[in-house]
> 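Got a structure here, written out as structure tokens. Questions coming.
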Amino acid sequence: MEKEINFSDILPRSFYGRDTVLVARELIGHHLVHDSPEGLTAGRIVETEAYLQGDPACHASRGMTNRNRVMFGPPGYAYVYFIYGMYYCFNVVTAAAGVGEAVLIRALEPVAGIPLMQARRGREKLTELCSGPARLVLAMGITREHNGCDLTRGPLFICRGAGRPQPVVTTTRIGIREGAELPLRFYLQGSKYVSKR
DNA sequence: GTCCTGATCCTCT
DNA sequence: GAGGATCAGGACG
């Protein structure tokens with residue numbers, strides 16, 4: 001289990017400006033880091049979902065609106081949206097500018113700043129800190145202010161995981177009605193930190 | 001363990 | 001005015 005993070009090895013914009021499914025799969029194993037005023041937190045990405053422009057479950061499927069505007073912008077930016085009256089979800093904008101696609105980050109394995117995550121979440125168990133899209137947003141201190149922020153610069157960024165890529169399982173997405181049968185969810189095989197098996 | 005429900009409000013129709 | 005890329009807690013077994 002590698003816990004090493006090289007904070008200087010931030011993923012470049014070219015990583016994100018590719019096929020969304022490929023980016024969703026390859027994000028598994030990299031590290032999401034937030035260097036916030038309260039302290040630094042980081043987690044290894046263990047679960048993602050791809051949202052494609054032609055897909056009815058995607059916010060961008062019916063064109064650009066105020067909410068989904070950043071999905072149509074250049075890749076490598078954060079798309080944070082409000083859901084169910086109380087939660088936020090964090091996405092990474094992918095593909096070329098003008099294409100409304102993104103990757104939802106669904107779960108992290110806590111790596112750094114664990115006491116701060118526990119305080120933000122009001123829970124102790126590591127498997128409950130970041131195992132779910134709204135949970136990880138809370139644990140990492142991500143807010144709506146991060147909508148549209150550049151993930152290739154601080155304070156919120158993604159850096160390369162150490163070691164070799166690990167086996168990734170492909171399955172169907174969670175919590176959607178239309179497009180539920182599409183194989184667009186990816187998770188790290190065997191991880192205790194995914195939101196569901 | 002599984003199932004069900006309430007909380008809570010922004011966004012688009 | 002309806003519905004949603006969710007979570008936590010309680011009932012039940």
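What you see is a predicted model, and the numbers here were worked out from it, not measured in a lab. Every chain is numbered from 1 and lettered A, B, ... according to where its sequence line falls, protein lines coming before strand lines.
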> Any luck finding a side-chain donor-acceptor pair between A/Q53 and A/S61 under 3.5 Å?
no
> What is the distance from OH of A/Y88 to P of B/dC9, rounded to the nearest Å?
10 Å
> Tell me the interatomic distance from A/E101, atom CD, to C/dA5, atom P, rounded to whole angstroms.
17 Å
> Could you check how far CZ of A/F82 sits from C1' of B/dC12, rounded to whole Å?
15 Å
> Is A/V92 reachable from A/Y187 through a run of I, L, V, M, F, W or Y residues, each pair having side-chain heavy atoms under 4.5 Å apart?
yes
> Calculate the interatomic distance between A/Y84 atom OH and B/dC10 atom C1'; express it in whole Å.
13 Å
> Any chain of hydrophobic side-chain contacts (each under 4.5 Å) joining A/L182 to A/V169?
yes
> Give me the residues of residues 53-81 of chain A where at least one heavy atom lies under 4.0 Å from an atom of DNA chain B, by number, or none.
A/T65, A/N66, A/R67
> Round to a whole Å and report the spacing from CZ of A/F90 to P of C/dT6.
16 Å
> Take a 6.0 Å sphere around CZ of A/R13 and say whether it holds more than 12 heavy atoms from other residues, nucleotides or ligands.
yes
> Please assess A/Y79 against A/Y81 for the test ring-ring contact (aromatic ring centres under 6.0 Å, His included), listing each intermediate value before the final yes or no.
CA-CA 7 Å; A/Y79 170 47; A/Y81 68 90; 5.5 Å; yes
> For DNA chain C, what is the dot-bracket line, given that a base pair needs Watson-Crick (N1 to N3, plus N6-O4 or O6-N4) or G-U wobble (N1-O2 and O6-N3) geometry with both distances under 3.5 Å, and | means paired with another strand?
||||.|||||||.
> Nearest whole Å is fine: how far is C/dT6 P from A/L136 CG?
12 Å
> Is the distance from OP1 or OP2 of C/dA8 to the nearest side-chain N or O of A/R135 less than 4.0 Å?
yes
> Under the criterion side-chain contact (heavy atoms from CB on, under 4.5 Å), which of A/T48, A/D19, A/T170, A/L184 is the partner of A/R25?
A/T170
> Please classify the nucleic acid contact of A/R121 as base, sugar-phosphate, or nothing, using heavy-atom distances under 4.0 Å.
sugar-phosphate
> Among A/R173, A/R135, A/R185, find the one that has a salt bridge (charged side-chain N to carboxylate O under 4.0 Å, His left out) with A/E47.
A/R185
> Counting the atoms with a prime plus P, OP1 and OP2 as sugar-phosphate, which does A/R123 contact under 4.0 Å by heavy atoms, base, sugar-phosphate, or nothing?
sugar-phosphate
> How many Å lie between CD1 on A/I176 and P on C/dT6, as a whole number?
9 Å
> So which one's nearest nucleotide on DNA chain B is more toward 5', A/R144 or A/M86?
A/M86
> Across the strands shown, which category fits A/R173 at heavy-atom distances under 4.0 angstrom: base, sugar-phosphate, nothing?
nothing
> A/I83 has an atom CD1; how far is it from atom P of C/dC7, in whole Å?
11 Å
> Is there a path from A/M117 to A/Y193 through hydrophobic residues (I, L, V, M, F, W, Y) whose side chains come within less than 4.5 Å of each other?
yes
> In this structure, are over 12 heavy atoms from other groups packed under 6.0 Å from A/R18 atom CZ?
yes
